[in-house]
Amino acid sequence: MASRQALREVIAAGGRRRFAAVVALSLLAAITEGAGFVLLVPLLAALGGAEMPLGLALSRWPIEGLLGVFVILVAIRAGVEVLRRLAVQDLRIAVVDGLRLRAVDAVLGAGWRWSSGLAEGEAEALLITDIERCSYAVELCGTLVRLAASLGALSIAALVISPLAALAGFGLGALALVLLSPMRRRARKLGELLSARYDELHARLGESLRALRVIKSFGREKAQSRRIAGALGDLRAVERGYVLSSSLAHAMLQLFGAVLAALGVWVALEVFAMPLAVVLALAALFVRALPQVGELQASAQGWAHAASALDRALSMTERGLQHAEALGAEQVPKLQRVLAMHGVGYAHREGHSALEHIDLEIAAGTMVALCGPSGAGKSTLADLCAGLTGPDAGAITVDGVALTEVNRIAWRKRVAYVQQEPVLFSASVRDNFLFVEPEADEAQMMQALGAAHAGFVHSLPGGLDCDLGNAGRALSGGEKQRIALARALMRKPDLIILDEATSALDAGSEEAIAAALRELAGKTTVIAIAHRGKLREMADWIVTLENGRLSIG
Ligand SMILES: Nc1ncnc2c1ncn2[C@@H]1O[C@H](COP(=O)(O)OP(=O)(O)OP(=O)(O)O)[C@@H](O)[C@H]1O
């Protein structure tokens with residue numbers, strides 16, 4: 001995306017009024033600054049007791065009046081600068097929060113096929129890293145507007161003071177920039193390298209947390225620590241080079257500016273015999289403007305870089321929105337007779353079928369154990385029954401109504417899904433329950449905990465109010481599974497899908513859960529992916545999948 005397109009996106013996301021406020025306040029700050037420089041001429045002349053060189057009305061003011069105006073201008077500029085910073089902050093918040101919420105909606109609202117196909121960390125990178133960079137992009141955008149306005153005002157001020165000298169100053173400034181461009185190019189390259197090194201370090205740090213168990217169990221703590229130290233070393237080396245090179249570029253620009261200003265002063269005084277007040281005001285203006293030109297260029301480069309994060313965030317959000325899940329009709333099916341699959345086929349990726357020709361009828365209120373080797377398609381079939389996604393071929397029907405013809409989200413509200421690696425929110429047990437059943441009361445929660453054999457929750461600090469954000473990590477796999485199961489039972493679903501959901505339980509706990517499931521017999525349909533154990537034994541029938549095809553036992 002071109003930087004200009006990114007600017008349009010910033011304006012669209014932040015709102016025209018907020019952006020206009022940033023521009024207006026930047027212009028106002030710039031005008032007061034420019035006016036201050038113009039005022040410098042009569043002020044210097046008055047201080048030196050010389051003739052007033054400018055033909056402005058101001059030139060006839062007494063020195064006290066000029067100094068008073070000068071102070072007022074500085075005060076206005078300081079006040080406007082505060083407002084300008086606030087306006088940039090408002091714009092940044094509006095853009096970043098707007099983008100983030102849109103991206104969250106896109107990821108959550110996208111169809112399962114798209115979201116489950118995202119590479120690991122892709123959505124995380126979008127929601128966290130890229131959008132943080134967008135924040136930086138908006139700040140740079142504010143800086144660019146400020147610098148452009150300031151340089152515009154300083155140029156006008158220079159033209160007002162002396163058109164000829166101003167034009168000469170523009171020429172010399174351009175020359176300085178051309179001469180120093182190799183240094184700035186190097187700084188830019190290092191800036192890009194720095195971003196890549198940061199990405200690498202973040203990846204290493206994230207990986208260390210995700211793979212903590214693997215790292216520790218293989219005794220590779222020191223090795224991982226060395227990898228991070230290596231990534232840090234690479235980053236710091238580039239960082240140092242970047243700071244050195246950009247500071248040098250800045251220092252050289254200032255030095256060049258000073259040399260050129262000194263030369264300009266000499267030529268103006270000695271060759272053109274210009275009044276001292278004019279020459280000094282112009283020199284001060286030139287010294288002020290030159291680093292701003294350098295900063296403008298550096299910010300423009302930074303903007304081009306940050307705009308690419310904006311591009312990524314927007315295009316991925318757009319893709320998510322394009323893959324938004326079709327909700328279907330309002331009709332909500334209720335499973336009372338049969339959940340049926342007719343000729344169901346599904347491929348996660350082209351040319352690789354996960355399921356083929358699945359014909360299966362599950363009578364409501366019965367329990368089916370789904371077995372088969374790894375990769376046979378069990379989870380895929382469970383996802384289809386849960387209405388997470390629709391089949392590529394054939395149909396899945398609930399009491400004769402195809403899931404493609406009903407509101408799939410409404411169907412999912414009738415389904416409870418418990419996976420092998422239970423995911424509990426970083427909140428209290430109570431809030432975990434309320435998330436799935438907002439109207440639930442304490443009695444229902446107690447009942448669900450009892451049915452899932454999760455009475456241990458009462459002995460946790462705070463009981464139902466125990467914060468799983470802190471305690472979650474301390475719970476065993478089996479304990480987490482039981483809380484997740486209780487959360488599923490809270491819903492009183494039509495269909496429960498258990499994906500190896502009791503794999504971490506001891507025989508006693510599994511037996512207790514089996515007993516709870518037995519009580520649901522005739523009322524709730526259960527699909528349990530289970531290779532062995534109680535759930536498989538107690539199932540009304542066993543369905544075996546092999547290579548995406550069905551064989552019924
Ligand atoms: N999101 C995905 N993208 C691409 N391919 C996938 C995806 N999920 C599953 N698959 C592929 O689909 C096939 C069936 O996978 P599935 O997870 O349904 O098998 P499974 O029987 O549940 O396996 P396991 O017992 O190991 O969990 C496998 O070949 C798998 O690689």
Side-chain angles (χ1 to χ4, degrees), residues 106-127 210 213-214 316 319-320 322-325 339 341 343-360 362 367-396 403 408 412 415-423 477-478 480-481 484-485 488 495-505 510 526-537 539 541-553:
V107 170
L108 292 181
W112 183 244
R113 190 194 295 267
W114 183 78
S115 37
S116 67
L118 289 176
E120 199 191 338
E122 212 175 338
E124 200 178 306
L126 163 72
L127 297 177
R210 276 195 302 275
R213 185 184 291 274
V214 178
M316 187 152 157
R319 273 189 291 140
Q322 276 165 9
H323 287 90
E325 191 168 25
L339 173 68
M341 281 139 257
V344 166
Y346 188 84
H348 289 282
R349 49 186 190 270
E350 230 168 280
H352 181 85
S353 291
L355 293 172
E356 283 178 317
H357 311 297
I358 305 289
D359 288 305
L360 183 65
I362 303 173
M367 177 169 172
V368 178
L370 204 52
C371 306
S374 176
K378 304 179 294 293
S379 299
T380 305
L381 190 63
D383 288 349
L384 289 171
C385 292
L388 275 173
T389 185
D392 294 329
I396 298 187
L403 280 183
R408 264 218 310 262
R412 291 207 293 265
V415 179
Y417 200 124
V418 187
Q419 60 200 70
Q420 185 174 13
E421 285 295 330
V423 176
K480 284 189 209 166
Q481 276 191 339
L485 191 63
L495 172 67
I496 297 185
I497 297 173
L498 305 170
D499 192 347
E500 302 276 358
T502 56
S503 60
L505 299 187
E510 196 184 21
V526 180
I527 298 176
I529 299 178
H531 294 284
R532 61 188 79 80
K534 263 276 154 277
L535 298 193
R536 185 183 156 122
E537 284 166 25
W541 53 309
I542 293 173
V543 171
T544 307
L545 276 174
E546 261 172 54
N547 283 331
R549 289 181 176 252
L550 209 59
S551 69
I552 301 180

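One is the number of the first residue; the rest follow in order along the sequence. Ligands are counted one by one from 1 in listed order, and the atoms in each one are counted from 1 as well. Only heavy atoms go into these numbers, but all of them, side chains included; no hydrogens, no water, no symmetry mates.
- Taking a cut-off of under 4.0 Å to the non-hydrogen atoms of H352, the atoms of ligand 1 that pass are 29 (O).
- In this structure, A376 has a heavy atom closer than 4.0 Å to ligand 1.
- Close approach to R349 involves these atoms of ligand 1, each under 4.0 Å from a residue heavy atom: 4 (C), 5 (N), 6 (C).
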Requested in this report: Please step through side chain to side chain donor-acceptor pair (under 3.5 Å) for the pair D383 and Y346, ending with a clear verdict.
Outcome: CA-CA 11 Å; D383 288 349; Y346 188 84; over 6 Å; no
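- Of all non-hydrogen atoms in I396 and M341, the two that sit nearest each other are CG1-CG, 3.8 Å.
- Remark: atom 9 (C) of ligand 1 lies closer than 4.0 Å to at least one protein heavy atom.
- Given atom 26 (O) of ligand 1, the protein heavy atom at minimum distance is S374 OG, 2.7 Å.
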Requested in this report: May I have the step-by-step check of salt bridge (charged side-chain N to carboxylate O under 4.0 Å, His left out) for K378 and E546, ending in yes or no?
Outcome: CA-CA 9 Å; K378 304 179 294 293; E546 261 172 54; over 6 Å; no
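- For ligand 1, the atoms lying closer than 4.0 Å to a non-hydrogen atom of P373 are 21 (O).
- Between C371 and L545, the closest side-chain pair of non-hydrogen atoms is not below 4.5 Å.
- Listed for the D499 side chain is no donor-acceptor partner under 3.5 Å among the backbone atoms of I529.
- The protein atom (non-hydrogen) at minimum distance from atom 12 (O) of ligand 1 is H348 CD2, 3.2 Å.
- The pair R549-D359 does not count as a salt bridge, with every side-chain nitrogen at least 4.0 angstrom from each carboxylate oxygen.
- Looking at every heavy atom in both residues, W114 comes nearest to H323 through CD1-ND1, 3.4 Å.
- Of the options A382, G548, G375, the smallest heavy-atom separation from atom 13 (C) of ligand 1 is shown by G375.
- Residue R113 places every heavy atom at 4.0 Å or more from ligand 1.
- The shortest contact between atom 27 (O) of ligand 1 and any protein heavy atom is with S379 OG, 4.0 Å.
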Query - Audit row: I527, I362, side chain to side chain contact (heavy atoms under 4.5 Å, CB included) steps and yes/no - result: CA-CA 9 Å; I527 298 176; I362 303 173; 3.8 Å; yes
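- Looking only at heavy atoms of the protein, atom 1 (N) of ligand 1 is closest to S116 O, 3.4 Å.
- Residue G117 places no N or O, backbone or side chain, under 3.5 Å from any N or O of ligand 1.
- Only one option out of L381, V543, T380 pairs with I358 in a side chain to side chain contact (heavy atoms under 4.5 Å, CB included); it is L381.
- Given atom 25 (O) of ligand 1, the protein heavy atom at minimum distance is K378 NZ, 2.8 Å.
- The closest protein non-hydrogen atom to atom 19 (O) of ligand 1 is G377 N, 3.3 Å.
- From the protein, the heavy atom lying nearest to atom 16 (P) of ligand 1 is T380 OG1, 3.6 Å.
- The shortest side-chain heavy-atom distance between L495 and L339 falls under the 4.5 Å cut-off.
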